[in-house]
Amino acid sequence: MAEITAPHDPTLSVDHGAGPGEIRPGYHPRLTNQDLAPLRVQTWNTYNIFAFWMSDVHSVGGYVTAGSLFALGLASWQVLVSLIVAITIVYFLCNLVARPSQSTGVPYPVICRSMFGVLGANIPAIIRGLIAVAWYGIQTYLASAALDVVMIKLFPGLARYAAVQDYGFLGLPALGWASYLILWVLQACVFWRGMESIRKFIDFCGPAVYVVMFVLCGYLIGKAGWAAIDLNLGDVRYAGLDALPVMLGAIALVVSYFSGPMLNFGDFSRYGRSFAAVRRGNLLGLPVNFLLFSLLVVVTASLTVPVFGELITDPVQTVSHIDSVLAIVLGASTFTIATIGINIVANFISPAFDFSNVDPQRISWRTGGMIAAVGSALLTPWNLYNHPDVIHYTLETLGAFIGPLFGVLISDYYLVHKQRVVVDDLFSLSESGTYWYRKGYNPAAIIATVVAAAVAMVPVLANNVYGMHTAAQYSWFVGCGLALILYYLLATRGRLAIPPIP
C-alpha cells in the first residue's frame with residue numbers, strides 16, 4: 001500500500017487551507033490530503049460557533065425568511081411558538097451532527113466513509129456538493145441584486161445598464177454582471193485565505209448586522225413612534241385547530257432553511273476545542289439568536305408601513321428608502337457582506353471538502369472550492385431565480401435528498417456503531433479495514449438513501465395531485481425518517497448487516 005508521510009513542520013500554521021491535518025503512516029493517498037486528515041489542533045471556542053450561526057442567519061435571505069413567517073396569517077404568539085419548536089429541532093439535530101466530526105477532527109465527507117464506505121462516501125459528498133454549488137450561485141446573485149439597488153441609488157446614471165433587453169447577456173444585464181463578478185471575486189478572496197481567515201470574517205459579519213439592524217430599527221421608531229410596532233405583518237386568518245397545519249408548515253420551512261448547513265455542520269464542528277463549546281455555541285446561535293433576530297426583523301418590517309407607506313421585507317430596500325447616502329452605503333454594504341458570509345459558510349466550504357474528497361491528491365480544499373465557484377457561474381443562477389416554479393421544486397428536492405443523507409448519518413453513528421469511529425480506518429483501503437464493507441461501498445447506506453429519496457420525491461413530482469402539495473413541504477422529514485429506519489434495519493439484520501466495532 002502506498003503511504004503518505006507528513007514531516008513535522010513547526011512553521012506550518014492553521015491557516016493552511018482547511019488544515020493542517022495530521023497525516024499518519026498508512027493513510028492511503030487516494031483518501032488523504034492535509035485538508036481532510038484529522039486536525040492537529042482544534043481551536044474554535046463558543047463564540048466562534050455562535051458567530052458561525054449569526055453569519056448563517058443574519059443575511060438578506062434570513063431576514064426575508066423570518067419576516068415571511070409573520071405574514072402567514074398567524075397570530076404573533078403562534079408564529080413564536082412555531083419558531084421555538086423549529087429552532088429547537090434544528091439545535092438538537094445540529095448537536096447530533098456535530099459530535100462525530102468534533103470527536104474525530106474530520107469533515108463531513110470523511111465521516112461519511114464510516115457509513116457509506118471509504119469509496120462510497122463520494123455519493124453523499126457529490127450530492128451535497130452539487131446542491132451547494134447551485135445555491136452558492138443563487139445566493140451570490142441575490143447579493144448582487146442588492147448591490148445593484150445601492151449602485152443605482154448612488155449613481156442614477158447606471159439605471160440604463162440594468163435593463164436586460166438593452167444591455168443583457170445570458171439573461172443578466174451589464175450592471176448585474178458587474179455586481180455579480182465583484183461579489184464572486186470578493187468571496188473567492190476570503191475563501192482562498194483559508195479557514196482561519198474565514199473564522200475571523202464570520203466573527204465580524206454576524207455582530208455587524210446586529211449593529212445595523214438596531215440602528216435601523218431605532219431610526220424607524222424615531223420616525224413612527226413605539227405605538228406603530230405591530231408583530232402581525234398581515235391579517236390574522238387562522239385560529240384554533242385551523243392554525244395547526246400552517247404552524248407545522250412554518251416549522252418545516254425553518255428546518256428546511258437550515259437543512260444544508262445542518263447536514264455539513266461537521267465541516268465546522270471539527271474545529272471546536274470541545275463538544276461542550278460547540279453545544280454552547282449552538283445554543284446561543286440558534287434558539288437565542290434566531291428568536292432575537294426574528295423579533296428585530298418583524299419590528300423593523302412593521303415600521304416600514306407608517307414610515308414609507310408600504311410593507312418592505314427586504315432590508316436592502318428598506319435602507320435604500322432612507323434619505324442619507326451614508327446610511328445607504330453603510331447599511332447595504334453590511335447586509336451584502338453578511339450575505340457573503342452565509343454563502344461562504346453554507347455553500348462554499350461544503351463543496352470544497354466534498355470535491356476534495358473525490359480525489360484528494362489532485363483536488364485540494366482550495367481547488368474544490370474554486371470548482372464550485374466556477375460551476376455556480378456556469379449555471380447562470382439568475383435564470384433559475386427568475387422562474388419561481390423552478391425554485392419551488394428545487395427547495396423541496398433539496399429536502400428530499402438532504403433528509404436521507406442526514407437520516408443515514410444519525411442512524412449509523414448513534415444506533416448502529418454506538419458512537420464508535422476507527423479514525424485511521426477512515427483513510428485505509430485495506431480490505432480488512434472497518435469501512436471497506438463491500439469493495440469500499442456499504443450497500444445498506446446506498447439502498448436506504450436511494451429508497452428514501454425516491455419516496456420523498458413522490459409528492460414533489462406529483463405536486464398537482466390532491467394533498468401532495470402539502471406533503472411536499474415535508475420532504476426533508478419524510479426522507480430523513482425513512483432513511484434512518486431503513487438503514488438501521490438493513491445494517492443490523494440480514495445479509496447486509498454490519499459487524500459491530502469492538
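- Using cut-offs of 30° and 60° on the angle between ring planes, the pair Phe348 and Phe191 is parallel.
- A donor-acceptor pair under 3.5 Å is formed between the side chain of Gln34 and the backbone N or O of Gly21.
- Between the side chains of Tyr27 and Asp424, a donor-acceptor pair is found at a separation under 3.5 Å.
- Between Tyr257 and Phe290, the distance separating the two ring centers is not shorter than 6.0 angstrom.
- A salt bridge (charged side-chain N to carboxylate O under 4.0 Å, His left out) check over residues 349-360, counting only residues at least two apart or in different chains, returns the pairs Asp359-Arg362.
- Between the Arg366 side chain and the Trp192 main chain, a donor and an acceptor come within less than 3.5 Å of each other.
- Judged by distance alone, the side chain of Gln42 and the main-chain N or O of Ser274 form no donor-acceptor pair under 3.5 Å.
- Looking only at side-chain heavy atoms (C-beta outward), Leu429 and Leu119 come within less than 4.5 Å of each other.
- Residues Asn343 and Thr140 bring a donor and an acceptor atom of their side chains to less than 3.5 Å of each other.
- You'll find the side chain of Phe116 reaches within 4.5 Å of the side chain of Val408, heavy atoms only.
- Note that CZ of Phe427 is 5.5 Å distant from OG1 of Thr32, once rounded to the nearest 0.5 Å.
- The side-chain hydrogen bond (donor to acceptor under 3.5 Å, both in side chains) check on Thr449 picks up nothing, with sequence neighbours excluded.
- Both the sub-6.0 Å distance and the 45° axial angle are not jointly satisfied by Arg113 relative to the ring of Tyr437.
- The salt bridge (charged side-chain N to carboxylate O under 4.0 Å, His left out) search around Arg199 returns Glu196, Asp203, not counting sequence neighbours.
- In this structure, Trp44 and Tyr271 have parallel ring planes: the angle between them is below the 30° cut-off, well short of the 60° mark.
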